[in-house]
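Structure first, then comments.
Labels below follow one simple rule: chain letters A, B, ... track the order of the sequence lines, proteins then strands, and each chain is numbered from 1.
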Amino acid sequence: MAAPTFRAPKGTRDILPPESGRRRAALDAFAEQAELAGFGEIMSPIFEDLGVFKRLGESTDVVTKEMFDFFDKGDPPQHLALRPELTASVCRGFAEHRPTPPWKVWYEGPQFRYEQPQAGRYRQFHQVGVETLGSDDPQADIDVIALGWNFYASLGLRRISLLLNSLGDPSCRPAYLEALRRYLSDNQASLSAQSRVTLERNPLRVLDSKRREDAEIVAAAPLMVDFLTDETRDHFDAVCAGLDQLGIPYELSPRLVRGLDYYTRTTFEFVAEALSTAQNAVGGGGRYDGLVEDLGGPPTPGIGFALGLDRILLACDAEDVFAPPAPVTKVFVVDVTGGSHALVVCNALRAAGIGADRTYDGRSMKAQMKVADRSGALFAAIIGEDEVASGEVTLRDLRSDTGQHRVTLDDLVSSVGRLLR
RNA sequence: GCAGCCAUAGCUCAGUUGGUUAGAGCGCCUGGUUGUGGACCAGGAGGUCCUUAGUUCAAAUCUAAGUGGCUGUACCA
């Protein structure tokens, strides 16, 4: 390939039509579902004070090595970072504005992590998500999970699995962590070198290891579910019962640990069976009952999820669903008299809400008809010397052989409007 | 982070043991009809063979480094 002077930075890409239209449609579908469920959109800044994201957990890769951070020009300079996820921003917003709970918001937008890119993983990636702040009712958990589930279904995806777990809360997790740490330490000799390091920082995440050497030890490790207090167990059981009630299938996944430290109690992940194992997580979320307080707000429980749009669209490809939307151009104006009539006609059609397009540069009729066909337009509106002389336009059906007929310029918009119904 | 594979036209890819002017299909443009798209036919445009350095009389082809993409792994969405 001829090397262009500049290219999109590593791990980023341009999304061009028609793929961009498909993403827009997916975003619109998500927005509609979220609004139907009573969520309003939050538009937060793309960068925040680095401290906002440090609360995600000092031991997570996201915080320790994957942040795009920089200093601004202030005196003293402020240490800022591009957002690596949005839950922290939402909680910061809640702590800042103190809206009346329960506060239900949805979001969409690009997020940034400095990682090694590969298929389905980008340095700038796009997520949609929701957060419900201010309620620890298990029915809030169920509503959130159901919204995610329904969104995948609305795109046409069928092969999505829901993995469910409870990570406990401060009343029971310390005891479990202690038991887990003791167990893993006792069996340290059998663990991989990498896991021995992870064990020091965060024993929970050793459970996430997929290294073969660790498999045996991990499989026999104590499980959080066996340490839940009555209260957290009741919460978890209520979530399961609610999902049963809604007919949403799930798989209990007692070793499901998520990459961010703030999660408590309910945690879940959506997996696309149509994608290869390394990038098949298409969404995930859970409760983070301590995060708002960590960010300086009042003690506030919260639950939410984030879904990775890039991977969702890959899953749509794999399942061959959710095609790009039909072209908006309905009428292609072919003007062989120089183009100024096309200018007027297109403007009138567009004003009436009818998609209209044309070519430039005074091309031949043959060339213009070719472009008209390719545009996906349903009709060609042809303007030549004859039409100009009689104040008419020739309307030609491009998608069937019903031929063509003339209408007066004044009638064009209403004729087309009738034909499109 | 670690490891492997790959990089030739807008796209998908051929290119022999290193040897004239680097090819195909699709796409694009023009014409075949001085007013008509899709099918067909003819012609045309389009290339720093990723970059740099090296080996050689000679490099798309061999070597090294860099860059980018992909795959696995780690981790994550």
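Comparing the P positions of B:rG54 and B:rA14 gives an interatomic distance of 30 Å, to the nearest angstrom. Using C1' as the reference atom, B:rG23 and B:rG15 are 7 Å apart when rounded to the nearest Å. Taking atom P in both B:rA64 and B:rC5, the straight-line distance is 11 Å, to the nearest Å. With both ends at atom C1', the span from B:rA9 to B:rC29 equals 15 Å, rounded to whole Å. Rounded to whole Å, the separation between the P atoms of B:rG43 and B:rG35 comes to 26 Å. Between B:rU71 and B:rU30, the distance separating the two P atoms is 39 Å to the nearest Å. Using P as the reference atom, B:rA60 and B:rU73 are 38 Å apart when rounded to the nearest Å. The P atoms of B:rA39 and B:rG19 are separated by 39 Å, rounded to the nearest whole Å.
At a cut-off of 3.5 angstrom, the base of B:rG37 holds at least one donor-acceptor pair with the side chain of A:Asp373. Side chain A:Glu387 to base B:rG35: a donor-acceptor pair is found below 3.5 Å.
Ring centers of A:Phe270 and A:Tyr152: under 6.0 Å apart, within the cut-off.
Counting any heavy atom pair closer than 4.0 Å across all strands shown, A:Gly129 reaches no nucleic acid atom. When heavy atoms are screened at a 4.0 angstrom cut-off, A:Tyr122 is found touching base atoms of the nucleic acid. Residue A:Ala119 is in sugar-phosphate contact alone, with no base atom involved, counting any heavy-atom pair closer than 4.0 Å across all strands shown. When heavy atoms are screened at a 4.0 angstrom cut-off, A:Gln368 is found touching no nucleic acid atom at all. Among the heavy atoms of the strands lying under 4.0 Å from A:Ala367 are primed sugar atoms or P, OP1, OP2 only; no base atom is included.
Across all strands shown, the partner of B:rC50 is B:rG66, judged by Watson-Crick or G-U wobble contacts whose two distances both fall under 3.5 Å. Look at B:rU33: it lacks any Watson-Crick or wobble partner with both distances under 3.5 angstrom. Searching all strands for a Watson-Crick or G-U wobble partner of B:rU16 with both distances below 3.5 Å returns nothing. Searching all strands for a Watson-Crick or G-U wobble partner of B:rA59 with both distances below 3.5 Å returns nothing. Searching all strands for a Watson-Crick or G-U wobble partner of B:rU73 with both distances below 3.5 Å returns B:rG1. Nucleotide B:rA9: unpaired (no Watson-Crick or G-U wobble partner with both distances less than 3.5 Å). With a cut-off of 3.5 Å on both Watson-Crick or G-U wobble distances, the partner of B:rG38 is given as none. Base-pair partner of B:rG27: not found among the strands shown (Watson-Crick or G-U wobble, both distances under 3.5 Å).
Between the P atom of B:rA77 and the CG atom of A:Leu313 lies a distance of 18 Å, rounded to the nearest Å. For A:Lys370 and B:rC28, the NZ to P distance is 7 Å, given to the nearest whole Å. To the nearest angstrom, C1' of B:rA74 lies 10 Å from CD of A:Gln118. Remark: P of B:rU36 and CG of A:Asp401 are 16 Å apart, rounded to the nearest angstrom. The NZ-C1' distance, from A:Lys366 to B:rG38, rounds to 11 Å in whole Å. Atom CE of A:Met369 and atom C1' of B:rG31 are 18 Å apart (whole Å). Distance CG (A:Leu275) to P (B:rU71): 11 Å, rounded to an integer number of Å. Regarding A:Glu385, its CD atom lies at a distance of 16 Å from the C1' atom of B:rU36, rounded to whole Å.
Proximity of A:Leu147 to A:Gln33: side-chain heavy atoms (C-beta onward) are separated by under 4.5 Å at one or more points. Contact of the A:Leu162 side chain with the A:Ile248 side chain is registered, since non-hydrogen atoms from C-beta on lie closer than 4.5 Å.
Phosphate proximity of B:rG68 to A:Lys10: present, with a side-chain N or O under 4.0 Å from OP1 or OP2. The side chain of A:Arg258 places an N or O atom within less than 4.0 Å of a non-bridging phosphate oxygen (OP1 or OP2) of B:rA77. Between A:Arg374 and B:rC28 there is a side-chain N or O to OP1 or OP2 distance below 4.0 Å.
Closest to the side chain of A:Asp386, out of B:rG37, B:rC70, B:rG35, is B:rG35. The A:Met365 side chain lies nearest to B:rU36 when the options are B:rA77, B:rU36, B:rG72. When distances run from any side-chain atom of A:Arg7 to the nucleotides B:rG32, B:rG69, B:rG68, the shortest one goes to B:rG68. The A:Arg363 side chain lies nearest to B:rU30 when the options are B:rU30, B:rC28, B:rG68. Taking only side-chain atoms of A:Arg396, from C-beta outward, the nucleotide of B:rG38, B:rA77, B:rU71 with the closest atom is B:rG38. Of the candidates B:rG38, B:rG69, B:rU36, the closest approach to any side-chain atom of A:Gln404 belongs to B:rU36. Closest contact between the side chain of A:Thr394 and the listed nucleotides B:rG37, B:rU30, B:rG35 involves B:rG35. Which of B:rA77, B:rG69, B:rU36 sits closest to the side chain of A:Ile382 comes down to B:rU36.
Annotation for A:Tyr114: atom OH does not count as buried by contact number, only 12 or fewer foreign heavy atoms lying within 6.0 Å.
Of the residues near RNA chain B, A:Val336 and A:Leu307, the one whose nearest nucleotide (by heavy atom distance) lies more toward the 5' end is A:Val336. Mapping A:Gln116 and A:Ser364 onto RNA chain B by nearest heavy atom places A:Gln116 at the nucleotide closer to the 5' end.
Here the closest heavy-atom approach between residue A:Asp289 and residue A:Thr264 is recorded as N-OG1, 3.2 Å.
Side chain to side chain, A:Ser414 and A:Asp411 fail the donor-acceptor criterion of an N or O pair below 3.5 Å. Inspection of the A:Asn165 and A:Thr267 side chains reveals no N or O donor paired with an N or O acceptor under 3.5 Å.
Remark: A:Arg396 fails to qualify as a cation-pi partner of A:Phe379 under the 6.0 Å distance and 45° angle criteria applied to the six-membered ring.
Using a 4.0 Å cut-off between charged nitrogen and carboxylate oxygen, A:Asp317 and A:Arg22 count as a salt-bridge pair.
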